[in-house]
Every structure is written in C-alpha cells, then in structure tokens.
Amino acid sequence: MSRLRLPDAIAVAAVGLRARRIRTALTALGIAIAVAAVVAVLGIAESAKADLLTQLGEQGNLLTVASAESINGRTLPLPVTAAPMIARIPPVRTVTAVGSIDNVAVRRSRAIPPEQTGGMNVLAAQDSLPATMSAHMLLGRYLDATAERYPVAVLGYEAAKILGIGSLDAPTQILLGNHYFTVAGVLAPVSVAPEIDVAALISFGQAERVFGRAAGPSRIYLRADPDQVAAVAAVLTATTVPDGKDDVQVRRPSDLLVARIAAKGAFVGLFLGLGGIALLIAGVGVANIMVISVLERRGEIGLRRALGARRRHVAAQFLLESTLLAAIGGLLGIGIGVLATAVAARLGGNPLAVPPAALAAGLGAALLVGALAGLYPAVRAARLSPVEALRTL
C-alpha cells in the first residue's frame, strides 16, 4: 500500500513552493500584511494601556476640589481657608491650589489680537504644584520665591506648543493681558490635569499685584493615602465650605484615565475587525493561487498518481502547500507587527508590551485561513483523473 509520511509530505510541499518563489513571496506578503495589522493593533493598544495603567496607579490618589461657576461664566473663588483646612485632614499628604485669572489673554506679542487666545488661560499657582501633581519640568525651572516679586511665568506643555516656544536658551517673554512676563520654564504634559497643559502659570503674588486678584483659589489639588481616597473625598465638601452656602465639585482625575482605557478597548475591536477582513481577502488570494497551481501542475499530479500516489496523498500535498504558505506569511507578519509596535511605543513614549495572545492569534489565524483556502484546491487536485492529467504532459 502506498504511504506518505508527514515529513515527506512537508518536503514535497516545500519543493512546490520553492519552484514558484516570486508567486509564493507575493502571496505570503498578503498574509503577512493582514497578520501584521492584527498583531500591531493588539500590541499598540496593549502598550498604550500599560502606560495608562501606570499613570492610573500613580494618579489614583489625586483628588480635586473646584469652585462652581456663576451665570456669566466667571469662576467663583473658594474660601481662602480651604487649602489650609484640607491640609489638616490626616490622610491628606500634599495640597496645592491654583486660581484662575479671567479675561487675560496669553499672547507672544502685541501684534497678535487679544481675541486669538488659542484656548490658553492664566492661572495663579503655588510652588507646591509640581510635587502634588507629580509634574516634571521639560525646560527651565518652576516658580520660586523670586516669582512672587517679579513677572515670571511657567508654561504648560500645550501652551508652549501654541506659542511656538521650544527652547529657553535665550530670554523669552510672553504677553499676559498687557504685561510682559519672562518664561522661566515649561512643564511636561500633566495627563490628569489638562487645564495645566494649556495655562500660563504665575505666582499668587503677581496675580494680586499685576491683575488685582485677591480672592481665594478656584481649584485645589490634593493627594491622599491610597486606601483613604474615598473617605477623604466624602469630607472635602464640608471641609472646603463649612457653612454649606456654596457649591463645590469634588472629582477624581484618574476617572479620565479609566474612560480612556475603555475608549481604546472599543477602537481595538473595530481595528481587529478590519484586520480580519484583510486576512479574509488574503485567504481568497491564497485559494486563487492554489487553484491556478493545480491547473498548471496537472501533469505532475497525473504522474504521481500513475506512480502509486493515492487521492489523499495529492490532497495532503496541496493542503500542506497552502498551510505552509500561510505559515510563512504569518511568521513574517508577526515580525512586522512587533516591529511596528516597538516603533509606535518608542514614538509615543509608552512601554513596549506585546501580549503573547496576539502572537498566537496572528499565527493561528494565518494557519486557519491557509488551511481553509487550500481545502478546495486540494479536493480538486485529488479528483483529477490520472489519465486526463497525464495528457497535459
């Protein structure tokens, strides 16, 4: 009885692919692109998620207390005693406050109309802001004791981009309202406080001296013991306004990170669907190439049948060819996907995280598509009559 061992079948299938190298390479490339898309989507999403989870762990104990707004949109100040009282709550570690300065435009020079604010605002800030917000300086230095007496400002990350300030090697000034301030530094992005990113920060002393702002803060940031965050949040309103006359908003900025993680998960499903469609199209291409291969190799099939090969041996040969073709494309696609993930993570400043499930899913999907794509050509090859096939020689 004629037999075909698995190693021999694989060797025969590999010979069939090597005999048509250009066709094999182009067909495998289609599979590779689809698999790379799937792996890259999962890898990039996992890398971004890992970064967000890291931020979530770092910012999970951050709370904010914000004042309400009046009917005309002006910010109502919190009591002057709010920040010192909050600092007295035992689980509270650090506290800092900012005060909004309304109707003050941030410009690079007087040549820019005051109406073109670029979405930037001016905030009075305390020197404890970087420690409380876990903020870092991208350029220069933060507000110090001299900032209380002199017109010095620190820009948020987005504000510096809008103003076109990328270096502080030379003295740099900006116009706040009608007053020039020297830029002392630029903050790195503060993910949980986007209002800081688009602000020009000055000291409370300058806010009072230059702009006449003498009221209390408009927003307070605080960090509490991680296991006491809920308990601290429950007493913040009563601590901030003991008389209960004004409304305040107590929020946990890390909730924004949770929402961003959920949003990324929704987009992953969409892109995976598109990757699946690309893989399906690549599978159709494999099936088409295998059908053409069967028609071109009818003489070979007839000769093998005449020498004793059975139908199942012919079917196994072509099925293995399509599966090997898909495997080659799948492995190449995994490599491309991991490389794309590494590049995206590097550019985005995220840690590289490629889930093993993504690699297994990419290769498994490629093998499944290859097997299904080769099923019909394999059956068709097996059904060829040896006599009819030999006439093509």
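The shortest side-chain heavy-atom distance between Thr240 and Met85 does not fall under the 4.5 Å cut-off. The closest side-chain heavy-atom distance from Val369 to Val286 is not below 4.5 Å. Looking only at side-chain heavy atoms (C-beta outward), Pro79 and Val241 come within less than 4.5 Å of each other. Considering only heavy atoms from C-beta on, Arg110 comes within 4.5 Å of Asn178 through its side chain. Side-chain atoms of Gln249 and Leu236, non-hydrogen and from C-beta on, never get closer than 4.5 Å to each other. Side-chain contact between Ile31 and Leu325: absent, with no pair of heavy atoms (C-beta onward) separated by less than 4.5 Å. Here the side chains of Leu331 and Leu363 are in contact, with some heavy-atom distance below 4.5 Å. Side-chain contact between Ile89 and Leu222: absent, with no pair of heavy atoms (C-beta onward) separated by less than 4.5 Å.
Taken together through direct or relayed side-chain contacts under 4.5 Å among Ile, Leu, Val, Met, Phe, Trp and Tyr, Val98 and Val198 form parts of separate hydrophobic clusters. Cluster membership for Leu324 and Ile334, using ILVMFWY side-chain heavy atoms within less than 4.5 angstrom, is shared. Val106 and Leu139 fall within the same hydrophobic cluster, where Ile, Leu, Val, Met, Phe, Trp and Tyr residues are linked whenever their side-chain heavy atoms come under 4.5 Å apart, directly or through other members. Cluster annotation: Leu163 is connected to Ile101 through the hydrophobic network of ILVMFWY side chains, with a link wherever side-chain heavy atoms come within less than 4.5 Å. In terms of hydrophobic clustering, with Ile, Leu, Val, Met, Phe, Trp and Tyr side chains grouped at heavy-atom distances under 4.5 Å, Ile174 and Met120 are assigned to a common cluster.
With sequence neighbours excluded, no residue satisfies side chain to side chain donor-acceptor pair (under 3.5 Å) with Gln228. Partners of Asp127 under the salt bridge (Lys or Arg N to Asp or Glu O under 4.0 Å) rule, at least two apart in sequence or in another chain, do not exist in this structure. Take Arg108 and apply the salt bridge (Lys or Arg N to Asp or Glu O under 4.0 Å) test, not counting sequence neighbours, and it matches no residue. Scanning for salt bridge (Lys or Arg N to Asp or Glu O under 4.0 Å) contacts around Arg23 gives Glu296, with sequence neighbours left out. For Arg149, there are no salt bridge (Lys or Arg N to Asp or Glu O under 4.0 Å) partners at least two apart in sequence or on another chain.
Separating the OH atom in Tyr142 from the CG atom in Leu201 is a distance of 5.0 Å, to the nearest 0.5 Å. Put simply, OG1 on Thr64 and CZ on Arg219 are 5.5 Å apart, with the number rounded to the nearest 0.5 Å. Note that CD1 of Ile281 is 7.0 Å distant from CD1 of Ile277, once rounded to the nearest 0.5 Å. Taken from CZ in Arg213 to OG in Ser100, the straight-line distance is 5.5 Å, to the nearest 0.5 Å. If you take CD1 on Ile196 and CG on Leu187, they are separated by 8.0 Å, rounding to the nearest 0.5 Å. Between Ile202 atom CD1 and Leu176 atom CG the span is 6.5 Å, to the nearest 0.5 Å.
A donor-acceptor pair is defined here as one N or O able to donate and one able to accept, closer than 3.5 Å; such a pair exists between the side chain of Arg223 and the backbone of Thr132. A donor-acceptor contact shorter than 3.5 Å links the side chain of Thr239 to the backbone of Val235. In this structure, the side chain of Ser322 does not engage the main chain of Ala373 through any donor-acceptor pair within 3.5 Å. Panel note: side chain Glu148, backbone Gly205; a donor-acceptor pair is recorded below 3.5 Å.
Leu372 forms part of a hydrophobic cluster together with Leu368, judged by ILVMFWY side-chain heavy-atom separations under 4.5 Å.
Here the closest heavy-atom approach between residue Val186 and residue Ala160 is recorded as CG1-CB, 3.7 Å. Residues Ala340 and Ala40 approach most closely at CB-CB, 4.2 Å, considering heavy atoms. A pairwise comparison of heavy atoms in Val65 and Leu78 identifies O-CD1, 3.8 Å as the closest pair. Here the closest non-hydrogen pair linking Leu123 and Ala199 is CD1-CB, 3.7 Å. Across all non-hydrogen atoms, the minimal contact from Gly118 to Ile162 is O-CD1, 3.3 Å. Contact record, Thr96 with Ser128: OG1-OG, 2.9 Å, taken as the closest heavy-atom pair.
The number of heavy-atom neighbours closer than 6.0 Å to CG of Leu347, taken from other residues, nucleotides and ligands shown, is above 12. The number of heavy-atom neighbours closer than 6.0 Å to NE2 of His179, taken from other residues, nucleotides and ligands shown, is above 12. Atom OH of Tyr150 sits in a sparse spot, with 12 or fewer heavy atoms from other residues, nucleotides or ligands closer than 6.0 Å.
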* Could you check Glu195 against Val190 for side-chain contact (heavy atoms from CB on, under 4.5 Å), going step by step and ending with a plain yes or no? => CA-CA 9 Å; Glu195 65 275 7; Val190 184; over 6 Å; no
* Asked: Given Val154 and Arg141, is the side-chain contact (heavy atoms from CB on, under 4.5 Å) satisfied, shown in steps?
  -> CA-CA 8 Å; Val154 169; Arg141 55 183 174 81; over 6 Å; no
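Using the six-membered ring where Trp is involved, Phe211 and Phe181 have ring planes that are parallel, under 30° apart on the 30 and 60° scheme.
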